[in-house]
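A short worksheet on the structure shown next.
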Amino acid sequence: MAKILIVGGSLGGLFAANILLRAGHDVTLLEKAAGSLDGRGAGIVTHNALADALREAGISIDKSLGIAVNKRVTLGADGNSLGEIHLPQIVTSWSRLYHLLRENFPSERYLQGKNVTFISQNQHQVEVKCADGSRYEAELLIASDGIRSATRTFMAPSIQPKYAGYIAWRGVCDESHLSNYTLETLFNYFGFCLPDGEQMLGYPVAGQGNDTRPGKRRYNFVWYRPAGENKELVDLLTDADGKYFPTGIPPLKVSWRHIAAMREQARNLLAPQYVEIIEKTASPFLQPIYDVRSEQIVFGRIALMGDAAFIARPHVGMGVTKAGDEAMSIANHIAALGATPAALDAYSNERLSMGQQVVARAQYLGRYMQAQSSKLMSDDGGLKRNASTVMAETAIDISALLAAGNAVPEPRH
Ligand SMILES: Cc1cc2nc3c(=O)[nH]c(=O)nc-3n(C[C@H](O)[C@H](O)[C@H](O)COP(=O)(O)OP(=O)(O)OC[C@H]3O[C@@H](n4cnc5c(N)ncnc54)[C@H](O)[C@@H]3O)c2cc1C
């Protein structure tokens, strides 16, 4: 049994913490936030590997994991279908996964209000210091502390998030508020709408209290829109009182002016079903889209995982599945090689290029929107995409492509 510290108590950290605890280790998790993390996320597309990671974490999977969608549909601006494909998938929510993982992990090991501010290591152990003056020691430290990872900043300060040039408006709308037209033509599907240079997508998720009964569910949407890094993005990340949030605006701080403008633009650009969903979503929020591509994820007795290691744009729908995969990989190598730097090196050998491939695939999926918005679309081989290709490529299971090292198709000429 080894002493292992996990930094970050969101989905990635909880996967690692649960899996390593079940493997018999003495695990302590340090989470910066003092209050509840609930309500942070919206919808999450799942893949088979996510179910594997939940099982390894000791969580039994049943129908209540999420909602089964069987079909994808792309709607034109007039609301009519431009195309459909059959693609069964389970979609769930951040909150559902958080509760499953959090309730499975002992509270006395999940320490909140622990902002890790200093990390050091020697041949035998790692030590961390938190802003409240507390210190912790362990044989290994697994950091799943997100996009602005303090651990990554310590170990590899040159690896920084890079803004992708667009943002995502997100939100969830109660099923019971929607018209029959929207319920019949969109609600049960993984839906898309593709204005030039933009992309709207959505799918049903559980409602309050994880209720998946018809009438009680919600529709989760993500609307990708270009926003220039200087003026436009700064404006969007500034609240109605003029306060700027450079690292991300809290959902309830998004300015009502921006929400009103976004709703107005939706009326001009989107299918009426999506317009209705946006109109009836109480608190739409926005997130800038970033890439994080690490060149190194292991530093002696310290490993990065989850969004701290790689952020792939959400078009791949892989962030949580990737974190679950990485947690399983770390635990497998510790089981084989002990809580040693060699085990973490083996994790890096297995996962570094995988993470880089996922980032590259997500950039490839985002590129066509950017090409459209900069009028570069024309004959550029790999960028020509239509409703069918977008539906067939977005947020699908790419485990076989990754294993074959083929996550980004060769450009077509
Ligand atoms: C628009 C959008 C849509 C998405 N859709 C999907 C999807 O469909 N499917 C999917 O799988 N993924 C999706 N993702 C990605 C997914 O949300 C993340 O990849 C996933 O949640 C992994 O997060 P994480 O636990 O690594 O990091 P985070 O969730 O960012 O958690 C990091 C944690 O570390 C804590 N922390 C930070 N600094 C410190 C510190 N110094 N000390 C202690 N604790 C600290 C934070 O408080 C936080 O709790 C989407 C993301 C976006 C933006």
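Whatever order the structure lists ligands and atoms in, that order sets their numbers, starting from 1.
For the pair Arg96 and Trp94, the cation does not sit on the ring face, since its NZ or CZ is not both under 6.0 Å from the ring centre and inside 45° of the axis. Cation-pi geometry between Arg170 and Tyr224 is not met at under 6.0 angstrom from the ring centre and within 45 degrees of the axis.
An N or O contact shorter than 3.5 Å links Val45 to ligand 1 by distance. The N/O atoms of Val116, backbone and side chain alike, include one that comes under 3.5 Å of an N/O atom in ligand 1. Where the criterion is an N or O separation shorter than 3.5 Å, residue side chain and backbone included, Asn115 meets it with respect to ligand 1. No N or O atom of Tyr224 sits closer than 3.5 Å to an N or O atom of ligand 1.
Scanning Pro288, Ala34, Gly324, Gly319 for the heavy atom closest to atom 10 (C) of ligand 1 points to Gly319. Residue Gly12 holds the heavy atom nearest to atom 25 (O) of ligand 1 of all those in Ala16, Gly113, Ala33, Gly12. Distances from atom 11 (O) of ligand 1 to the heavy atoms of Leu50, Val320, Leu14 put Val320 nearest. By heavy-atom distance, the residue among Ala42, Ser10, Ala150 lying nearest atom 29 (O) of ligand 1 is Ser10. One option in Gly146, Gly317, Gly248, Ala327 has a heavy atom closer to atom 9 (N) of ligand 1 than any other, and that option is Gly317.
Those atoms of ligand 1 that come under 4.0 Å of a heavy atom in Tyr203, given as number and element, are 8 (O). Close approach to Lys114 involves these atoms of ligand 1, each under 4.0 Å from a residue heavy atom: 42 (N), 43 (C). Below 4.0 Å from some heavy atom of Leu30 lie the following atoms of ligand 1, by number and element: 43 (C), 44 (N). In summary, the atoms of ligand 1 found under 4.0 Å from a heavy atom of Thr321, numbered by their order in the structure, are 11 (O). Ligand 1 places these atoms under 4.0 Å from at least one heavy atom of Gln287: 1 (C), 53 (C). Atoms of ligand 1 lying under 4.0 Å from any heavy atom of Gly306, numbered from 1 in the order shown and given with element: 26 (O). Residue Leu37 has at least one heavy-atom neighbour below 4.0 Å for each of these atoms of ligand 1: 49 (O). Listed by number with element, the atoms of ligand 1 under 4.0 Å from a non-hydrogen atom of Leu11 are 25 (O).
Counting heavy atoms under 4.0 Å from ligand 1, residue Pro314 touches it through the side chain alone. Using a 4.0 Å cut-off between heavy atoms, Lys322 makes no contact with ligand 1 at all. Counting heavy atoms under 4.0 Å from ligand 1, residue Val7 touches it through the side chain alone. Contact annotation for Lys32 and ligand 1: heavy atoms of both the backbone and the side chain come within less than 4.0 Å of the ligand. Residue contacts with ligand 1 for Phe285 are absent, since no atom lies close enough (heavy atoms, distance under 4.0 Å). Neither the backbone nor the side chain of Thr117 has any atom closer than 4.0 Å to an atom of ligand 1 (non-hydrogen atoms only). The part of Arg170 lying near ligand 1 is the side chain, judged by heavy-atom distances below 4.0 Å.
For the residue pair Gln265/Arg225, the side-chain donor-acceptor check at 3.5 Å is satisfied. In summary, the side chains of Thr151 and Asp145 do present a donor paired with an acceptor at a separation below 3.5 Å, with no hydrogens or angles considered.
Among Thr74, Val222, Val390, the single residue meeting the side chain to side chain contact (heavy atoms under 4.5 Å, CB included) criterion with Leu201 is Val222.
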For His177 and Phe187: C-alpha separation, side-chain torsions, deciding distance, then whether ring-ring contact (aromatic ring centres under 6.0 Å, His included) applies.
CA-CA 12 Å; His177 295 179; Phe187 188 86; over 10 Å; no

Output, in order, the C-alpha distance, side-chain angles, deciding distance and verdict of side chain to side chain contact (heavy atoms under 4.5 Å, CB included) for Tyr274 and Tyr219.
CA-CA 10 Å; Tyr274 278 117; Tyr219 201 77; 3.6 Å; yes

Start with the C-alpha distance between Glu84 and Arg72, add both sets of side-chain angles, then the distance that settles salt bridge (Lys or Arg N to Asp or Glu O under 4.0 Å), and finish with yes or no.
CA-CA 5 Å; Glu84 298 177 358; Arg72 293 184 170 196; over 6 Å; no

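The minimum heavy-atom distance linking Val298 with Ser348 is given by the pair CG2-CB, 3.7 Å. Taking every heavy atom of both residues into account, Arg217 and Thr212 meet most closely at CD-O, 3.5 Å.
Under a 4.0 Å N-O distance rule, the pair Arg293/Glu295 qualifies as a salt bridge. With salt bridges taken as basic N to acidic carboxylate O contacts below 4.0 Å, none links Arg22 and Glu56. Look at Arg218 and Asp174 and you find a salt bridge, because one of the NZ, NE, NH1 or NH2 atoms lies within 4.0 Å of a carboxylate O, short of that distance.
The shortest separation from a heavy atom of Tyr290 to ligand 1 is not under 4.0 Å, leaving the residue out of contact. Using 4.0 Å as the threshold, Ser144 has a heavy atom nearer than that to some atom of ligand 1.
Sorted by first and then second residue, the pairs that involve residues 99-140 and meet ring pair (Phe, Tyr, Trp, His ring centres under 6.0 Å), not counting sequence neighbours, are Phe118-Phe154.
Checked against ring-ring contact (aromatic ring centres under 6.0 Å, His included), Tyr203 has the following partners two or more places apart in sequence or in another chain: Phe190.
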